Amino acid sequence: MADDISLKPARDIAGGHTVRRYDQELAKLRGIILDMGQRVIEQTQASVAALVDGEETQAYRVLDREPQIDYLSLDADEEIFRVIARRQPTAVDLRIVLALSRIAGDVERAGDKAVRIARQSLVLREGGIMPGGLPSDTLKDLLRKLDDQACCMFERSIQAVAGFDVELALGVFEDEPRLFGASDEARDFLGQEDLAGFTPRQIVCLLTGTHALERIGNHASNIAEQVIYVSEGKDIRYRNREILIETLRRDRAS
């Protein structure tokens with residue numbers, strides 16, 4: 001079904017606008033979102049480097065670059081309003097516009113989570129504490145594993161938006177158990193009563209960073225849901241993931 005999806009409206013001319021012009025406007029909107037998504041991935045990786053390895057300059061770089069994503073989000077909003085006001089899209093077209101609007105919101109919020117991680121890394125090192133990074137190699141490995149999983153899901157979800165690709169979206173859903181498993185491992189480690197080398201405040205910072213990484217993966221899943229919404233015409237929010245994946249794969253194979 002995904003291969004049949006086009007951003008072009010069903011009619012050639014309506015209210016004086018052409019298919020070509022409408023397609024260009026939607027392509028511009030999608031391009032803004034893809035740009036935002038790539039920046040979020042870069043922000044997330046930099047913020048985790050700051051948290052895990054003590055790279056303070058990376059944290060400040062994340063904070064400095066935050067407005068870039070915010071400005072792109074405003075651009076996306078403006079494009080969405082312009083398309084709706086000028087084109088008055090019909091049902092199918094409106095579904096695409098609404099989905100892109102929701103996706104832009106999730107991308108922007110994922111960027112906020114990267115900033116939250118960077119800020120926690122700075123709090124973690126107030127007063128020159130742990131300037132060389134976390135003292136626990138185990139915790140470093142756990143947080144890097146969670147970072148890899150969250151970024152992999154997010155990157156795949158953005159790739160899915162590029163072509164409204166159902167297979168890529170389903171891959172995001174299939175990665176959710178690994179995301180939750182990696183998040184639980186990090187939280188369990190931080191929940192040890194005899195965890196040496198960390199103050200309670202530092203543990204709170206690390207738990208906040210862990211939760212933010214998991215939420216980035218959650219935003220990836222939300223984006224994948226909107227890809228399915230456009231490609232299949234189905235709102236699959238709140239649906240059981242295992243049943244959903246099985247049903248969609250069966251339908252696409254038949």
Side-chain angles (χ1 to χ4, degrees), residues 7 24-83 96-122 143-165 168-169 171-172 175 179 182-183 208-227 230:
L7 288 182
Q24 288 174 343
E25 290 176 347
L26 288 181
K28 180 180 179 181
L29 172 56
R30 192 166 53 168
I32 292 171
I33 292 171
L34 297 180
D35 188 6
M36 288 173 63
Q38 184 56 47
R39 290 172 188 264
V40 167
I41 294 168
E42 293 169 358
Q43 290 280 82
T44 302
Q45 293 171 338
S47 66
V48 172
L51 186 71
V52 172
D53 300 319
E55 298 183 20
E56 206 167 282
T57 56
Q58 292 278 40
Y60 287 115
R61 189 170 296 132
V62 169
L63 298 181
D64 288 342
R65 293 186 301 202
E66 179 188 12
Q68 296 174 3
I69 296 176
D70 292 338
Y71 293 147
L72 285 170
S73 178
L74 292 175
D75 288 344
D77 287 345
E78 185 63 29
E79 285 300 316
I80 290 163
F81 294 147
R82 184 178 294 116
V83 168
I96 295 171
V97 174
L98 291 178
L100 288 173
S101 176
R102 291 167 180 166
I103 289 168
D106 271 294
V107 175
E108 191 273 333
R109 286 189 288 275
D112 289 343
K113 304 303 186 300
V115 170
R116 183 178 301 171
I117 296 167
R119 286 178 175 149
Q120 294 306 311
S121 75
L122 294 174
L143 290 175
R144 286 180 182 135
K145 178 181 177 182
L146 178 56
D147 174 42
D148 288 344
Q149 190 60 56
C151 285
C152 178
M153 289 176 65
F154 197 83
E155 185 170 20
R156 185 178 292 177
S157 73
I158 294 300
Q159 290 172 348
V161 173
F164 288 116
D165 190 313
L168 284 172
V172 174
D175 276 348
L179 173 75
S183 182
T208 300
T210 297
H211 179 68
L213 278 171
E214 182 180 336
R215 289 294 297 140
I216 289 171
N218 295 154
H219 287 303
S221 294
N222 293 345
I223 293 168
E225 288 176 348
Q226 293 306 310
V227 170
V230 169

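Any value given below was found using the heavy atoms of this structure, including those in side chains, with hydrogens, waters and symmetry copies removed. Predicted, not measured: the structure shown is a model, and the values here were computed from it.
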Say you draw a straight line from CG of Leu179 to CG of Leu146; how long is it, rounded to the nearest 0.5 Å? 6.0 Å

Closest non-hydrogen atom pair between Arg156 and Gly171, with its separation: NH1-O, 3.1 Å

Give the C-alpha distance, both sets of side-chain angles, the deciding distance and a yes or no for side-chain hydrogen bond (donor to acceptor under 3.5 Å, both in side chains) between Glu214 and Ser183. CA-CA 6 Å; Glu214 182 180 336; Ser183 182; 2.5 Å; yes

Criterion side chain to side chain contact (heavy atoms under 4.5 Å, CB included) on Ile158 and Gln38, from CA distance to verdict: CA-CA 8 Å; Ile158 294 300; Gln38 184 56 47; over 6 Å; no

Shortest non-hydrogen pair, Cys151 vs Thr44, comes out as SG-CG2, 3.6 Å

Between atom OH of Tyr71 and atom CE of Met36, what is the distance when rounded to the nearest 0.5 Å? 14.0 Å

Are any of the side-chain heavy atoms of Val227 and Ser157 separated by less than 4.5 Å? no

Apply the test side-chain hydrogen bond (donor to acceptor under 3.5 Å, both in side chains) to residues His219 and Lys113: give CA-CA distance (whole Å), side-chain angles for both, the deciding distance (0.1 Å), then the verdict. CA-CA 10 Å; His219 287 303; Lys113 304 303 186 300; 3.1 Å; yes

Would you say the side chain of Ile223 lies within less than 4.5 Å of the side chain of Phe154, judging by non-hydrogen atoms? yes

Looking at every heavy atom in both Ala110 and Val40, which two are closest together, and how far apart are they? CB-CG1, 3.9 Å

Verdict with reasoning, Gln24 to Lys28, per side chain to side chain contact (heavy atoms under 4.5 Å, CB included): CA-CA 6 Å; Gln24 288 174 343; Lys28 180 180 179 181; over 6 Å; no

Interatomic distance, CG@Asp75 vs CG@Asp70, rounded to 0.5 Å, equals 11.0 Å

So, Arg30 side chain and Ala162 main chain: donor-acceptor pair closer than 3.5 Å or not? yes

Going through the distances and angles, do Arg65 and Gln68 end up as a side-chain hydrogen bond (donor to acceptor under 3.5 Å, both in side chains)? CA-CA 6 Å; Arg65 293 186 301 202; Gln68 296 174 3; 5.5 Å; no

Step by step, would you call Arg82 with Glu79 a salt bridge (Lys or Arg N to Asp or Glu O under 4.0 Å)? CA-CA 5 Å; Arg82 184 178 294 116; Glu79 285 300 316; 2.4 Å; yes

Do you know which two heavy atoms are closest between Gly217 and Ala150, and how far apart they sit? N-CB, 4.2 Å

Answer yes or no: is there an ion pair linking Asp112 with Arg215, defined by an N-O contact shorter than 4.0 Å? no

Distance check, rounded to the nearest 0.5 Å: Asp165 atom CG versus Gln159 atom CD? 9.0 Å

Criterion salt bridge (Lys or Arg N to Asp or Glu O under 4.0 Å) on Glu66 and Arg119, from CA distance to verdict: CA-CA 12 Å; Glu66 179 188 12; Arg119 286 178 175 149; 3.8 Å; yes

Do Val230 and Leu100 come within less than 4.5 Å of each other through their side chains, counting heavy atoms only? no

CA sep, side-chain torsions, deciding dist, call: Ile117, Val62, side chain to side chain contact (heavy atoms under 4.5 Å, CB included): CA-CA 9 Å; Ile117 296 167; Val62 169; over 6 Å; no

Return the minimal non-hydrogen interatomic distance between Gln43 and Ile69, and the atom names on each side. CG-CD1, 4.0 Å

Taking only Lys NZ, Arg NE, NH1 and NH2, and the carboxylate oxygens of Asp or Glu, determine whether Glu42 and Arg39 approach each other closer than 4.0 Å. no

Supply the atom-to-atom distance Asp147 CG to Ile216 CD1, rounded to the nearest 0.5 angstrom. 8.0 Å

Asp106 CG to Gln226 CD distance, which is reported to the nearest 0.5 Å: 7.5 Å

Yes or no on side chain to side chain contact (heavy atoms under 4.5 Å, CB included) for Ser47 and Gln58, after CA distance, side-chain angles and deciding distance? CA-CA 6 Å; Ser47 66; Gln58 292 278 40; over 6 Å; no

Shortest non-hydrogen contact from Gly37 toward Val107: N-CG1, 3.7 Å

